[in-house]
**Student:** 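Quick one: structure below, then a few questions.
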Amino acid sequence: MTPTSRFELFSFWRTSATYRVRVAFNLKGVQPQEHNVNLDGGEQRTVEFLRINPMGGLPVLLDHEAGQTATPLTQSLAILEFLDETYPTPALLPTDAHGRARVRSLAALLAADTHPLVTPRVKKYLTSTAGFDDAAWRAWQIHWFSTGLQALEQRLAHEAETGLFCHGNTLTIADICLASLVVVMRVFKIEVADIPTVMRIMARCEALEAFALAAPSRQVGAPLA
Ligand SMILES: N[C@@H](CCC(=O)N[C@@H](CS)C(=O)NCC(=O)O)C(=O)O
């Protein structure tokens with residue numbers, strides 16, 4: 001089939017990591033062609049998909065301008081930076097090196113330290129091999145969402161660079177990662193106490209069309225409310 005966009009994005013309605021990429025595409029005003037990979041049906045573990053991403057995770061981004069033999073891009077943070085370099089306006093990273101390091105550190109707290117613990121493959125292992133029932137899995141989810149978001153709260157509340165957004169008054173990839181955890185937490189109906197700064201920034205992000213359009217409930221395949 002002929003692609004209708006420069007970019008093809010392998011996605012699923014509720015994935016946190018794909019939400020990050022969707023928000024970035026919306027901010028840059030670029031529309032990828034999306035292909036649904038049903039995580040609930042285990043499509044990420046098929047031979048065909050593992051050939052594209054051996055880690056069996058979403059998102060995966062194909063760039064048709066990179067040439068026939070170009071490797072598909074994986075890892076949402078790498079894709080966010082790729083999009084930011086490809087479409088520099090609006091910039092999603094600060095102009096100074098210290099600022100960029102802080103923003104990447106906040107983003108990694110969420111995307112690298114927190115999110116991987118609550119992915120389907122971790123659930124699959126814990127429930128099939130480690131004896132977890134539904135209640136134990138839910139307690140695990142609540143524990144790790146709380147650990148990550150409360151650590152983020154401590155940082156945002158006490159670090160001088162926090163402003164209307166995570167870093168000053170301009171949107172960065174740290175805000176995209178913040179929102180990506182909160183939207184998925186809501187999908188799983190999990191509440192984390194004592195994160196007022198996180199939720200203040202979330203409200204500001206959600207008021208932007210780029211975030212609203214990326215909401216899990218608005219994606220193809222999302223259950224009807
Ligand atoms: N670190 C990766 C995470 C990718 C990832 O694990 N994505 C989840 C969805 S949010 C997934 O596809 N999981 C499939 C599975 O765990 O089986 C990124 O940021 O892109």
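Nothing here was measured: the structure is a model prediction, and the numbers come from that model. Numbering of ligands and ligand atoms starts at 1, following listing order. In this chain, residues are counted from 1 in sequence order.
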**Student:** What protein heavy atom lies closest to atom 1 (N) of ligand 1? Include the residue and the distance to one decimal.
**Tutor:**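 Of the protein heavy atoms, Q75 OE1, 2.7 Å lies nearest.
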**Student:** May I ask you to check whether over 12 heavy atoms, not counting those of K28, lie within 6.0 Å of atom NZ?
**Tutor:**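 Check passes, neighbour count above 12.
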**Student:** Ring centroid separation for Y125 and F132, is it under 6.0 angstrom?
**Tutor:**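 No - the distance between ring centres of Y125 and F132 does not fall below the 6.0 Å cut-off.
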**Student:** Mark up the atoms of ligand 1 that fall under 4.0 Å of a heavy atom belonging to P59, in ascending order.
**Tutor:**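 It comes down to these atoms of ligand 1: 20 (O).
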**Student:** Please state which protein non-hydrogen atom is closest to atom 5 (C) of ligand 1 and give its distance, to 0.1 Å?
**Tutor:**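 Closest protein heavy atom to atom 5 (C) of ligand 1: L58 O, 3.5 Å.
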**Student:** Counting heavy atoms only, which part of M55 comes closer than 4.0 Å to ligand 1: side chain, backbone, both or neither?
**Tutor:**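 M55 to ligand 1: no contact under 4.0 Å from either part.
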**Student:** Provide, to 0.1 Å, the distance between atom 3 (C) of ligand 1 and the closest protein heavy atom, together with that atom's residue and name.
**Tutor:**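 Ranking protein heavy atoms by distance from atom 3 (C) of ligand 1, first comes H115 CE1, 4.0 Å.
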**Student:** Does an N or O anywhere in Q44 fall below 3.5 Å from an N or O of ligand 1?
**Tutor:**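 Yes, at least one N or O pair falls under 3.5 Å.
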**Student:** Is a donor from one side chain sitting under 3.5 angstrom from an acceptor on the other, for R14 and Q219?
**Tutor:**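 R14 vs Q219: no donor-acceptor pair found between side chains.
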**Student:** I'd like to know if E209 pairs up with R218 as an ion pair, taking the criterion as any Lys NZ or Arg NE/NH1/NH2 lying under 4.0 Å from an Asp or Glu carboxylate oxygen.
**Tutor:**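 Salt bridge absent between E209 and R218.
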**Student:** Backbone, side chain, both or neither: what part of K124 comes under 4.0 angstrom of ligand 1, heavy atoms only?
**Tutor:**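 The answer is neither.
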**Student:** Looking at P120, which atoms of ligand 1 are within less than 4.0 Å of one of its heavy atoms?
**Tutor:**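 Per the distance check, 13 (N), 15 (C), 16 (O), 17 (O).
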**Student:** Measure the acute angle between the ring planes of F82 and F7, then classify it against the limits of 30° and 60° as parallel, tilted or perpendicular.
**Tutor:**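 Geometry flag for F7 against F82: perpendicular rings.
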**Student:** Closest non-hydrogen protein atom to atom 9 (C) of ligand 1, residue and atom name please, with distance?
**Tutor:**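 For atom 9 (C) of ligand 1, the nearest protein heavy atom is T15 CB, 3.5 Å.
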**Student:** If the cut-off is 4.0 Å to any non-hydrogen atom of S16, which atoms of ligand 1 fall inside it?
**Tutor:**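 The list of qualifying atoms is 10 (S).
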**Student:** Which atoms of ligand 1 have any heavy atom of R20 under 4.0 Å away?
**Tutor:**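 This gives 19 (O) as the contact atoms.
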**Student:** Quick check on N38: does its CG atom have over 12 non-hydrogen neighbours (other residues, nucleotides or ligands) under 6.0 Å away?
**Tutor:**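 Count over threshold, so yes.
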**Student:** With nothing but distance in play, are any N or O atoms of R121 less than 3.5 Å from an N or O of ligand 1?
**Tutor:**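 The answer is yes, given that R121 and ligand 1 share an N or O pair closer than 3.5 Å.
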**Student:** Does the distance from a Lys or Arg side-chain N to an Asp or Glu carboxylate O, for E159 and R102, drop under 4.0 Å?
**Tutor:**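 Salt bridge present between E159 and R102.
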**Student:** Hey, looking at atom 20 (O) of ligand 1, which of G56, A78, G57, S76 has the closest heavy atom?
**Tutor:**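 Comparing heavy atoms across G56, A78, G57, S76, the nearest one to atom 20 (O) of ligand 1 lies in S76.
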**Student:** Kindly assign one of parallel, tilted or perpendicular to the pair W140 and W137, based on the angle between their ring planes and the thresholds 30° and 60°.
**Tutor:**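 Ring orientation, 0 to 90° scale: parallel.
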**Student:** Is the closest side-chain heavy-atom distance between F10 and L61 below 4.5 Å?
**Tutor:**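 No, their side chains stay 4.5 Å or more apart.
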**Student:** For the residue pair P196 and E153, establish whether any side-chain heavy-atom pair is separated by less than 4.5 Å.
**Tutor:**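 Sidechains of E153 and P196: in contact.
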**Student:** Could you tell me, atom by atom, which parts of ligand 1 come under 4.0 Å of a heavy atom of A17?
**Tutor:**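 Near A17, the atoms of ligand 1 are 10 (S), 18 (C), 19 (O), 20 (O).
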**Student:** Please determine whether any non-hydrogen atom of R45 lies less than 4.0 Å from an atom of ligand 1.
**Tutor:**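 Judged by the 4.0 Å heavy-atom criterion, R45 does count as contacting ligand 1.
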